[in-house]
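What follows is a single structure, written as structure tokens, with notes after it.
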Amino acid sequence: MSDKKFNVKYCVLLPIVLIVTIFLWCCPASFFGSLGDVLTVTQQRTIAIFAFAALMWIFEIVPNWVTSLMVIVISLLTISNKSIGFLMNTGDDSAFVPMKEIMRSFADPVVMLFLGGFVLAITASKYGMDVTMARILLKPFGKKPKVVLLGVLAVIAIFSMFMSNTATAAMFLAFLAPVFASLPDTDAKGKVGIALAIPIAANIGGIGTPIGTPPNATAVGNLESLAGITIGFGDWAMRMIPFVIVMILLAWVLLCVLYPFKSDEIVLEIKKDDHKKTYKDYVAWITFGATILLWMTEQLHGISSNIVALIPLAVYTATGVFTKEDIKDINWDVLWLVAGGFALGYALSGTGLAKAMVEAIPFGSMNIIVVFVVAGLVCYLLSNFISNSATAALLIPIMIAMGNGLLQSGNADAFNAFGGQAGLSVFVAVCASVAMCLPISTPPNAIAASTGLVETKDMTKVGLIVGIVGLVLGFFWVTKFFPFA
């Protein structure tokens, strides 16, 4: 970090965050309008914690996972039933959140689902499974540029359903580097098209499964803990993988039109993994396949996808496939970021703030379509500038509280017709994933920008088109296929 950025963040932005947080913590309840009439001390503290998290995530004064950790610790110290002594004397009927509720955000079942996904991804890379699968999956697409582009989009999307979007983008950039070098300078547009395919496919592909991207996990976890709605791995995948397929095909047509190829053929050379196979390789492959199969057939065997996620961890560690050195490669920062989002959800529910919002806001007069459109646009706009994970962590608990209000109003039937709680939460998660207008929007975008082939105007143009299509199609898709309420 440059000295100038350091000074701006810590000397200007951090004081602003602290001033806003302290003001919301200490101001008269009347400041919050009609909500202030029923607001308790712990609920007001929760509003201040929400504001602190939002501003810290937006300004990125510290890494996002650090903010999440701070949110959990501050919540434990100020709104849990084991808070600092003098803070427990509120003078009203404040509800304190059970300490174990906040603490369990670190080991929420959905966090364990993500942990299992990371273990599979690390093992796949360690034993060359990712390279082998990429070579096999890309081979049928031949050498025609347009068909190869479709293959790149499809295969990256598949990988992003089970691996980190960032890791997938970085891996395929390495695979495609020789292609960029081999294409003549006269095919500059074709190079841009392939480079843009990396972040587009990585961002869209993650929508396909609950472990594909943190916003999905945030939606699944909060729906289960705050709304009592359980969405299994197979439930999500069967509904959203077709959406991913449609979006990938639309992105393919868009890239072919805007960035046509002049070359007659493209050769993708991914070297075959020739290392000598041991029993560990076979354990890695068989367990990987079995885990995916168990995830997709949850309705048949009844084992929760969150439990299935721990099977590869147990098998791989017991057989030496996954060692203590590999544990260091787990994206703990992502897990803690997701945990912080869950802690915010528990705070909203446990202090009664969600219920107070439901009672204070006239949800009965709200148009359901307007609610979806506003929620989607807010999420989309925020996600283009801050982490999509942080955006989802902030918005989804609020959307669930809003959904509870709609369910208790005269609009309940109309809300359920649009998918209810599940429809609104999943739609917000989708909006976070299709936000990809800028190099800073997502890590895959930054990776594509690092090639030097993609100008910001190209990324903005394509990202905006894909984003708008994703918002519109996502609304109709999710409200049609997520009637879980």
Side-chain angles (χ1 to χ4, degrees), residues 50 52-72 105-106 108-115 117-118 121 160-169 199 202-223 225 236 240 330-346 348 375-376 378-400 425-447 467 470 474:
F50 254 87
F52 173 79
L55 293 173
M56 291 292 284
W57 277 331
I58 290 171
F59 294 143
E60 290 191 79
I61 298 170
V62 295
N64 287 331
W65 66 269
V66 176
T67 297
S68 280
L69 185 58
M70 292 169 67
V71 164
I72 293 173
S105 60
F106 283 115
D108 186 274
V110 176
V111 172
M112 294 300 101
L113 179 66
F114 243 70
L115 177 63
F118 286 148
S160 291
M161 293 179 192
F162 302 98
M163 290 178 60
S164 155
N165 295 351
T166 307
T168 301
N203 293 325
I204 293 175
I207 298 171
T209 67
I211 65 169
T213 185
N216 298 359
T218 300
V220 171
N222 279 294
L223 280 170
S225 62
W236 182 293
M240 297 313 295
I330 292 175
N331 291 342
W332 296 105
D333 54 339
V334 173
L335 296 180
W336 285 10
L337 176 59
V338 172
F342 290 156
L344 285 175
Y346 298 145
L348 192 69
V378 169
C379 181
Y380 177 77
L381 292 172
L382 275 177
S383 292
N384 271 303
F385 295 96
I386 69 172
S387 158
N388 57 13
S389 307
T391 302
L394 277 173
L395 294 181
I396 288 176
I398 296 174
M399 292 302 106
I400 292 177
S425 299
V426 175
F427 176 59
V428 169
V430 169
C431 293
S433 293
V434 298
M436 56 184 93
C437 283
L438 303 169
I440 62 168
S441 296
T442 68
N445 282 28
I447 288 171

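Please read these numbers as outputs of a predicted model, since none were measured by experiment. As a basis for the values below, the full set of heavy atoms in this structure was taken, side chains included, without hydrogen atoms, waters or symmetry mates.
- To the nearest 0.5 Å, atom CG of residue L69 and atom CG of residue D333 are 12.0 Å apart.
- Annotation for P443 and T166: closest pair CB-OG1, 3.1 Å, computed over non-hydrogen atoms.
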Can you check side chain to side chain contact (heavy atoms under 4.5 Å, CB included) on L115 and W332, steps first, answer last?
CA-CA 9 Å; L115 177 63; W332 296 105; 4.3 Å; yes
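- A distance-only check finds a donor-acceptor pair linking the side chain of S441 to the backbone of N384 [under 3.5 Å].
- The aromatic rings of F342 and Y346 sit tilted, their planes meeting at an angle between 30° and 60°.
- Looking at every heavy atom in both residues, N216 comes nearest to G206 through ND2-O, 2.8 Å.
- Taking the side chain as every heavy atom from C-beta outward, W336 and S105 never approach each other to under 4.5 Å.
- Judged as a side-chain hydrogen bond (donor to acceptor under 3.5 Å, both in side chains), and not counting sequence neighbours, T213 has no contacts.
- Across all non-hydrogen atoms, the minimal contact from F50 to L394 is CE2-O, 3.8 Å.
- One distance of note links CZ of F118 with CG of N331; it measures 4.5 Å at 0.5 Å rounding.
- I207 has its side chain within reach of V434: a pair of non-hydrogen atoms, C-beta onward, lies under 4.5 Å apart.
- Rounding to the nearest 0.5 Å gives a distance of 11.5 Å between CD1 of I72 and OG1 of T67.
- Of the inter-residue distances, the one linking F162 atom CZ with T209 atom OG1 reads 5.5 Å to the nearest 0.5 angstrom.
- Residues forming a side-chain contact (heavy atoms from CB on, under 4.5 Å) with T168 (at least two apart in sequence, or on another chain): I156, F159, S160, M163, F172.
- In this structure, G117 and I211 approach most closely via the heavy-atom pair CA-CD1, 4.0 Å.
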S425 vs I400, test: side chain to side chain contact (heavy atoms under 4.5 Å, CB included). Steps then yes/no.
CA-CA 7 Å; S425 299; I400 292 177; 3.5 Å; yes
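- The distance from atom CD1 of I396 to atom CG of L348, rounded to the nearest 0.5 Å, is 13.0 Å.
- Proximity of L113 to P210: side-chain heavy atoms (C-beta onward) are separated by under 4.5 Å at one or more points.
- Heavy-atom minimum distance, G341 versus A393: CA-CB, 3.5 Å.
- L335 has its side chain within reach of F114: a pair of non-hydrogen atoms, C-beta onward, lies under 4.5 Å apart.
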Please evaluate residues N64 and M56 with respect to the criterion side chain to side chain contact (heavy atoms under 4.5 Å, CB included), reporting the C-alpha separation (whole Å), side-chain torsions for both, the decisive distance (0.1 Å), and the verdict.
CA-CA 8 Å; N64 287 331; M56 291 292 284; over 6 Å; no
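- Across all non-hydrogen atoms, the minimal contact from I447 to A169 is CD1-CB, 3.9 Å.
- Looking at heavy atoms from C-beta onward, M399 lies out of side-chain contact with F427 at the 4.5 angstrom threshold.
- Rounded to the nearest 0.5 Å, atoms CH2 (W65) and CH2 (W57) are 14.0 Å apart.
- A donor-acceptor pair shorter than 3.5 Å can be found between the side chains of N203 and N445.
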Residue pair N165, T442: steps toward the side chain to side chain contact (heavy atoms under 4.5 Å, CB included) verdict
CA-CA 9 Å; N165 295 351; T442 68; over 6 Å; no
